[in-house]
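Following: one structure in structure tokens, then a few remarks.
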Amino acid sequence: MKAVLILAVKSAWARRLTLGITLVAIALASALLFAVERVRHDARQSFTQAVSGVDLVVGARSGSVQLMLYAVFRAGSATHNIRWESFEAIATHPAVDWAVPLVLGDSHRGFAVLGTTPDYFRHFRYSDQRALGFAAGHSFADVFETVLGSAVAAELRLRVGDRITLSHGMAETGPGHDDKPFTVVGVLAPTGTPVDRSVHVNLESISAIHLDWVGGAPLPGLAIPAEFVKKFDLQPKEITAFLVGLKNRADVFRLQRHINGYRGEPLMAVMPGVALDELWQTLGMIERTLLAMSALVVVIGLAGLLATMLASLNERRRELAILRALGASPRELFLLLTAEGLLVTTLGVALGLGLLAVGTFFFAPLLQAHFGIILQWRLLAPNEWLLLAAILATGLIASLIPGWRAWRMSLADGLTPRN
Amino acid sequence: MTALSIVNLAYRWPRQQTVCLDIPRFDIAAGERVFLHGPSGGGKSTLLGLLGGVAVPEKGAIELLGQNITALSGHSRDRFRADHIGFIFQQFNLLPWLSAIDNVLLPCTFSARRKQRAGNPRDEAARLLTHLDLAPDLWHKPAGELSVGQQQRVAAARALIGRPEILIADEPTSALDAPRQQIFIDLLLAEAKADGAALLFVSHDERLAAHFDRKVALAEINRVAVSKPAPAS
């Protein structure tokens with residue numbers, strides 16, 4: 001038995017070129033499958049952990065998924081703003097415990113700028129009811145002060161006391177707000193959510209940098225220097241969205257109906273959990289399709305292994321007869337071929353996992369920057385162990401076929417192969 | 001004691017009407033060196049398959065070293081073959097990707113008995129290869145790179161290692177040129193004699209029979225007429 005396994009390894013090594021190509025195909029296929037599964041899992045993780053402790057997200061009437069995307073994930077933009085009066089009316093509703101306004105639309109070197117109030121840091125929760133914490137500094141208090149998410153600070157190498165300027169819109173070029181620089185007063189602790197990639201400023205600061213702007217462009221001939229902005233009323237007239245926390249969660253449906261039927265303007269309130277589920281259902285199809293396709297690629301890789309082994313079996317017919325004459329039983333020849341297939345599969349999957357580790361290392365920052373998906377560096381998760389077992393089981397099944405052929409061949413040939 | 005004894009053996013190929021081997025009696029004494037000749041397609045290879053235990057007769061008994069191998073299970077026959085029989089074939093005897101010496105050592109990986117009888121298998125393999133006149137610089141070359149004559153000598157060393165009681169050679173010289181044929185046969189006969197092994201040497205070429213203890217024609221022991229040839233083997 002052990003002798004047969006050693007022979008299987010030596011024999012496979014003698015055909016290392018063809019088997020090596022097959023092995024690489026299996027490695028690439030399984031790396032793809034693991035990558036899809038991991039991105040899928042971590043994307044879901046990233047999405048579901050992005051917000052908690054918020055009972056309702058309110059914005060202009062559109063789609064609930066769209067509202068979640070721009071209000072929580074800083075992806076896409078609002079079709080409409082909502083009036084400050086509407087916010088005030090709902091914030092003072094007796095069922096409401098707290099309400100935090102959000103203004104979006106500006107950016108700093110590709111990172112979204114969120115105009116809000118210091119209450120945001122107090123009430124916002126992510127993951128499992130975890131509050132935001134400061135890694136350095138404190139909340140903003142005055143205009144032209146900013147609090148950076150951890151990824152913003154890390155990637156742009158900014159620290160408390162540094163000064164930054166904002167750009168209008170999400171573009172990194174175009175008209176900017178260079179005349180009114182901001183001072184970094186705080187950096188948040190990492191959360192693994194879009195908060196890490198946001199630049200937080202006071203609501204009033206957003207009004208201040210747009211004082212001399214009309215309709216999305218600076219007014220020619222009008223420039224209001226930073227030191228004079230406090231002479232103006234900086235109360236914003238419009239906001240993008242707001243977050244609501246309730247005194248009693250049982251009121252959530254009642255308040256949602258109230259907001260959705262608000263007479264002042266068309267508003268929409270969504271429950272984050274429900275909206276995320278909805279978002280996930282939309283993505284679920286794509287996700288399952290991708291997974292099925294990569295599973296198919298693995299099957300193709302293993303089919304290649306099967307083809308290679310069956311093709312070599314005819315050339316090895318004499319080899320099997322020699323082993324038979326030396327005392328190998330048909331069962332041992334079956335084992336010889338099956339072991340070879342399983343060996344190539346196992347090494348292929350191992351190499352695939354190696355590729356996955358290297359790939360994660362290189363692509364994780366990209367995924368996080370562009371899609372907000374945080375790819376975890378980890379050993380295999382339980383579902384990935386299942387995937388691994390499934391690949392190996394399929395590889396075993398594929399290997400049983402040449403094994404079975406060798407068995408049959410050796411019984412038919414005896415000591416003298418017919419070829 | 002007899003090394004080999006066949007009693008009332010009959011064998012028919014699967015899905016064939018006629019019997020291709022019908023041998024009432026055939027014996028080889030321990031240490032006896034027998035030359036068996038017969039035309040190609042006369043059932044020689046079939047007989048060797050039966051002696052090796054990879055095929056089972058329809059009826060009759062094959063006793064090797066006093067053990068009726070037809071009564072054994074397939075697995076036990078495989079073990080018996082590994083322990084007691086050394087085979088040499090016409091050509092392509094070796095695993096081309098293993099070195100010459102590793103080919104010689106193969107029986108010791110399949111049979112604990114032969115490994116034990118070989119003493120130190122590597123030394124024994126080296127001794128046999130030296131005896132069979134294979135230069136040491138060839139021992140570690142892949143077997144596939146050796147000439148046919150060298151390969152046959154490696155095959156002989158492999159058949160001899162661990163001193164099996166029975167050696168079976170099936171046309172082992174047919175791939176060699178005439179002068180080398182007799183040299184190879186003499187080497188084989190000498191080694192068989194030194195080990196006290198019975199040798200059954202099968203060939204269609206009667207000229208090679210000179211130095212054997214006994215010469216037998218398959219037609220003498222097989223009652224099936226050769227005029228109705230069995231399927232080519």
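So that the names make sense, note that chain A is the first sequence line, chain B the second, and so on, each numbered from 1.
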What closest approach, in Å, do B/F87 and A/A325 show between heavy atoms, and which atom pair accounts for it? CD1-O, 3.7 Å

Heavy-atom distances under 4.5 Å only: say whether A/R331 touches chain B with side chain, backbone, both or neither. side chain

Cut-off 4.5 Å, heavy atoms of chain B, and the answer for A/L326 is both

Under a 4.5 Å heavy-atom cut-off, does chain B meet the side chain of A/I6, its backbone, both or neither? neither

Taking all heavy atoms of A/G327 and all of B/A82, pick out the closest pair and write down the distance. CA-CB, 3.7 Å

Okay, A/S410 and chain B: the region with an atom under 4.5 Å from a heavy atom over there is neither

Which one wins on heavy-atom pair count under 4.5 Å against chain B: A/R15, A/R324, A/R316? A/R324

Measuring from B/L94:CG to A/E319:CD, what's the distance to the nearest 0.5 Å? 11.5 Å

Contacting region of B/R158 [heavy-atom separation from chain A under 4.5 Å]: side chain

Mind ranking A/A14, A/S329, A/A321 by heavy-atom pairs under 4.5 Å with chain B and telling me who comes out on top? A/S329

Per-residue contact mode, B/I168 against chain A (heavy atom under 4.5 angstrom): neither

Between B/L48 and A/L415, what is the shortest heavy-atom contact and its length? O-CD1, 4.0 Å

Decide side-chain contact (heavy atoms from CB on, under 4.5 Å) for A/L323 and B/F110; before the verdict, give the C-alpha distance in whole Å, the side-chain angles of both, and the deciding distance to 0.1 Å. CA-CA 9 Å; A/L323 292 173; B/F110 281 97; 4.0 Å; yes

Between B/D78 and A/P330, the two heavy atoms sitting closest are OD2-CD, 3.5 Å

Name the region of B/D83, side chain, backbone, both or neither, that has any atom closer than 4.5 Å to a heavy atom of chain A. neither

Heavy-atom side-chain contact between B/L95 and A/K10 under 4.5 Å: no

Might you confirm whether atom CZ of A/R405 has over 12 heavy atoms from other residues, nucleotides or ligands at distances under 6.0 Å? no

